[in-house]
Asks: 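Handing you this structure, nothing more for now.
No experiment lies behind these values; they were computed from the predicted model shown.
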Amino acid sequence: MIDTAVRREVVETLFRSRPQALVVGAAYAAIFGWMFHGHVSSASLAAWILGMALATAHGLHGWLAFRRARRAPDWDARHFLGVYTRQIWLVGLLIGLSGWMFYLPEAGDARWVVVLLLLSLTTGLIALYGLHLPIYYAWLGLLSAPLALRFLVSGAPGGWVGGALFAFYVLSILQFARRQGRLVQESMRVRHASAALVADLEAATRGLLEANEAKSRFFAAASHDLRQPVQALGYYTELLQPQGGDVQTVDRIRQCVASLDGLLEGVLTLARLDAGKVHKHVFATDLTALVHRMQQLHAGAAVLRGLRLRVRGPAQAWALTDAVLLERVLGNLLANALRYTASGGVLLAVRRRGDHWRVQVTDTGIGIAPEHQARVFDEFVQIGNPQRDASQGVGLGLATVRRLCALLEHALQLRSRPGRGSSFAVDVPACATPHGAAAQPETGVAVPGGLLTGRVLVIEDNPAVRESLQNMLALWGLQCDGCADGDAALALWQPGRYTMVLSDWRLPGAWNGGQLIAALQALPGAASTRFALLTGESEAGIGTLPAGVELLHKPVRPIRLRALLSAVAPV
């Protein structure tokens, strides 16, 4: 393959210089015809000039044929190398004969012009004809043999000495041409080998990228269908009321569902990030309010582990970020900190660092050795869980954190000491307090544990998800109506009837969930109703939502849904 590419390049280089060579050959014939007219017989001179003209025509024909053939990708380099070689034999023979014909004592000093021109042609074309040494050997022999023979038989004084010197010159130039030709061809081979290697690497890289993109597209496209059964399973586990010895079994089921939920959510999130389906929406965000909300969401897990979860920060800390994505980052960091801390506690702090706010999650856990600190951000890496205990997560939390921080362009830092704990820091650009923004309370209200009141309309085309969601809401004390499409939802609607509408995005018929919610919001009595969209789609796939609509990605954890409902359907 490489030899073929080198041969093609040699032939292209040779033919590229063909037009100039034809012009030089014609000029050579014209000059010698003028110089030696009258010194040699007219018949011999005319025959030689006619031969040069035929050689020029032959060379022009070969050059035009090469130009036509080269348009095809599979043109034959061997054939045209033969065409060029025959042309060199023809021209070399005619120019070489000029040394025999025109090196005449009666020509006076003009005969030395012949010698100089022949010597210049033997040396000046080394770089070109040395690309294919057989061509140069033929060229050198055809040009030098007749002149050398003329030196020997001319009878001029010093003829034998001149012939010997000419022979020595030819042998020297032959050695130089051999070295030059081999060097140039080796350089071509190295260059083509490097190009072939680069092409192979590019092809392999393209294959890997295409495979990765195909994987990402598959997960992004299948995320809705993958989430549906997990969503229904999560709702059904909330309905289980264990008694006696069943308590442990139900707890095991819930742990398995939570592990599956975390794995699916992590894989699908990474797939959406890899496929470029997650887009940031940057706006002024109060970090103080955000970290207190994170404390509220993770306080239960801290209590179960016997740990303290504290928050420190100013009364307000406004920053430019995507609050939803940053909440995901902090949620993963907090979950990791609580998971790998056996005693002590976790601190979630907001501190000013120049023109940035630094949000830190610091724990008193097992810590991370220096040699492992870079690896903890890779997928499925768990340094402190060699036995792959599912209760310790699946190793996607920090990988998601790294990619989300890269998307948000927030610097991520890790400091850790084995046995002393770890500290993860995210730097978020600070901004001025928005006009009219009020201070947020430093503590939130816990999600109520009692029964909720109100009526909820559930719009979901998957029967298993719709039934499990309705049963779970009924267990929480809510009244529920369910339907599968937009027409049924409009038929059920009554002003003031529903405190909350929960709709899937993909619905049968002409309306999706966003369009249906917009239509419901335009109906009488919709002002007192809250609307939420539950979906497995990415933000880019959904587009712009109607104002005031909560967006929840499936699988939606029951605690998150209950927190949302508790705000509109109090105990």
Side-chain angles (χ1 to χ4, degrees), residues 262 265-267 269-270 273-274 278 280 285 287-288 290-291 294-295 297-298 301-302 305 307-313 317 319-386 388-389 391-430:
E265 179 66 17
V267 169
T269 298
L270 289 178
L273 287 167
D274 289 341
V278 179
K280 61 181 178 181
T285 301
L287 298 180
T288 300
L290 175 60
V291 297
M294 299 304 299
Q295 181 192 32
L297 290 174
H298 292 267
R305 291 179 174 272
L307 303 173
R308 289 188 302 163
L309 176 57
R310 296 175 296 151
V311 170
R312 287 182 184 173
L320 290 174
T321 186
D322 184 317
V324 175
L325 298 183
L326 182 59
E327 181 176 336
R328 180 66 185 272
V329 168
L330 297 180
N332 284 2
L333 292 177
L334 283 172
N336 253 33
L338 293 171
R339 185 178 295 124
Y340 292 105
T341 301
S343 61
V346 176
L347 173 65
L348 178 58
V350 179
R351 297 183 174 91
R352 187 64 180 250
R353 292 291 185 270
D355 58 353
H356 285 70
W357 289 104
R358 176 163 293 178
V359 186
Q360 287 181 287
V361 177
T362 305
D363 62 62
T364 58
I366 60 175
I368 306 169
E371 63 270 20
H372 298 315
Q373 290 183 11
R375 293 182 54 232
V376 296
F377 294 101
D378 294 337
E379 295 86 347
F380 299 105
V381 171
Q382 292 180 293
I383 302 302
N385 187 20
R388 305 300 297 179
D389 181 4
S391 65
Q392 298 297 310
V394 294
L396 293 177
L398 292 181
T400 303
V401 165
R402 180 181 63 179
R403 298 195 192 184
L404 286 175
C405 285
L407 176 63
L408 293 169
E409 299 180 69
H410 295 345
L412 175 64
Q413 301 175 28
L414 164 62
R415 290 187 298 118
S416 183
R417 292 178 61 185
R420 300 291 298 273
S422 303
S423 178
F424 291 84
V426 179
D427 289 341
V428 187

Asks: Could you state the interatomic distance from CG (Leu325) to CG (Leu408), rounded to the nearest 0.5 Å?
Replies: 5.0 Å
Asks: Rounded to the nearest 0.5 Å, how far does OH of Tyr340 lie from CZ of Arg305?
Replies: 9.5 Å
Asks: Taking side chain as C-beta onward, heavy atoms only, is Val359 less than 4.5 Å from Leu348?
Replies: yes
Asks: Going by side chain to side chain donor-acceptor pair (under 3.5 Å), name the residues that satisfy it together with Ser416, two or more places apart in sequence or in a different chain.
Replies: Ser422
Asks: Provide the closest heavy-atom pair for Ala302 versus Leu338 in the form atom of the first, atom of the second, distance.
Replies: CB-CD2, 4.0 Å
Asks: Identify, with sequence neighbours excluded, every residue that meets side chain to side chain donor-acceptor pair (under 3.5 Å) alongside His298.
Replies: none
Asks: Among Thr321, Thr285, Leu404, which one satisfies side-chain contact (heavy atoms from CB on, under 4.5 Å) with Leu326?
Replies: Thr321
Asks: Determine yes or no for a side-chain-to-main-chain donor-acceptor pair under 3.5 angstrom, with Arg339 supplying the side chain and Thr341 the backbone.
Replies: no
Asks: Who passes side chain to side chain contact (heavy atoms under 4.5 Å, CB included) against Arg353, sequence neighbours left out?
Replies: Arg351, Arg358
Asks: What are the two closest heavy atoms between Cys405 and Val329, and how far apart are they?
Replies: SG-CG1, 4.1 Å
Asks: Quick one: side chain to side chain contact (heavy atoms under 4.5 Å, CB included) partners of Ala406, sequence neighbours excluded?
Replies: none
Asks: Nearest 0.5 angstrom please: Leu398 CG to Asp378 CG, how far?
Replies: 10.0 Å
Asks: Working to the nearest 0.5 angstrom, can you tell me the gap between Leu334 CG and Asp363 CG?
Replies: 10.0 Å
Asks: With sequence neighbours excluded, what pairs up with Arg310 under the side chain to side chain contact (heavy atoms under 4.5 Å, CB included) test?
Replies: Arg308, Arg312, Leu347
Asks: Output every pair passing salt bridge (charged side-chain N to carboxylate O under 4.0 Å, His left out) with a member in residues 412-421, not counting sequence neighbours, ordered by first then second residue.
Replies: none
Asks: Which heavy atom in Thr362 sits nearest to a heavy atom in Ser423, and how many Å separate them?
Replies: OG1-OG, 3.1 Å
Asks: For Asn332, give me all partners under side chain to side chain contact (heavy atoms under 4.5 Å, CB included), at least two apart in sequence or on another chain.
Replies: Arg328, Thr400, Val401
Asks: Look at the side chain of Glu327 and the backbone N and O of Met294, then say whether any donor-acceptor pair between them is shorter than 3.5 Å.
Replies: no
Asks: Supply the atom-to-atom distance Asn336 CG to Ile368 CD1, rounded to the nearest 0.5 angstrom.
Replies: 8.0 Å
Asks: If we only count heavy atoms from C-beta on, is the Leu290 to Val350 side-chain gap below 4.5 Å?
Replies: no
Asks: List for me each residue that meets side chain to side chain donor-acceptor pair (under 3.5 Å) alongside Glu409, sequence neighbours excluded, and say none if there are none.
Replies: Lys280
Asks: Roughly how far, to the nearest 0.5 Å, is CZ of Phe424 from CD of Gln360?
Replies: 12.0 Å
Asks: Taking the side chain as everything from C-beta on, heavy atoms only, tell me whether Leu414 gets closer than 4.5 Å to Val376.
Replies: yes
Asks: Are side-chain heavy atoms of Asp322 and Leu407 found at a separation under 4.5 Å?
Replies: no
Asks: Which heavy atom of His410 sits nearest a heavy atom of Pro429, and at what distance?
Replies: CE1-CD, 3.6 Å
Asks: Please enumerate all residues that pass side chain to side chain donor-acceptor pair (under 3.5 Å) together with Thr364, with sequence neighbours excluded.
Replies: none
Asks: Minimum heavy-atom separation for Leu309 to Gln295, with atom names?
Replies: O-NE2, 3.1 Å
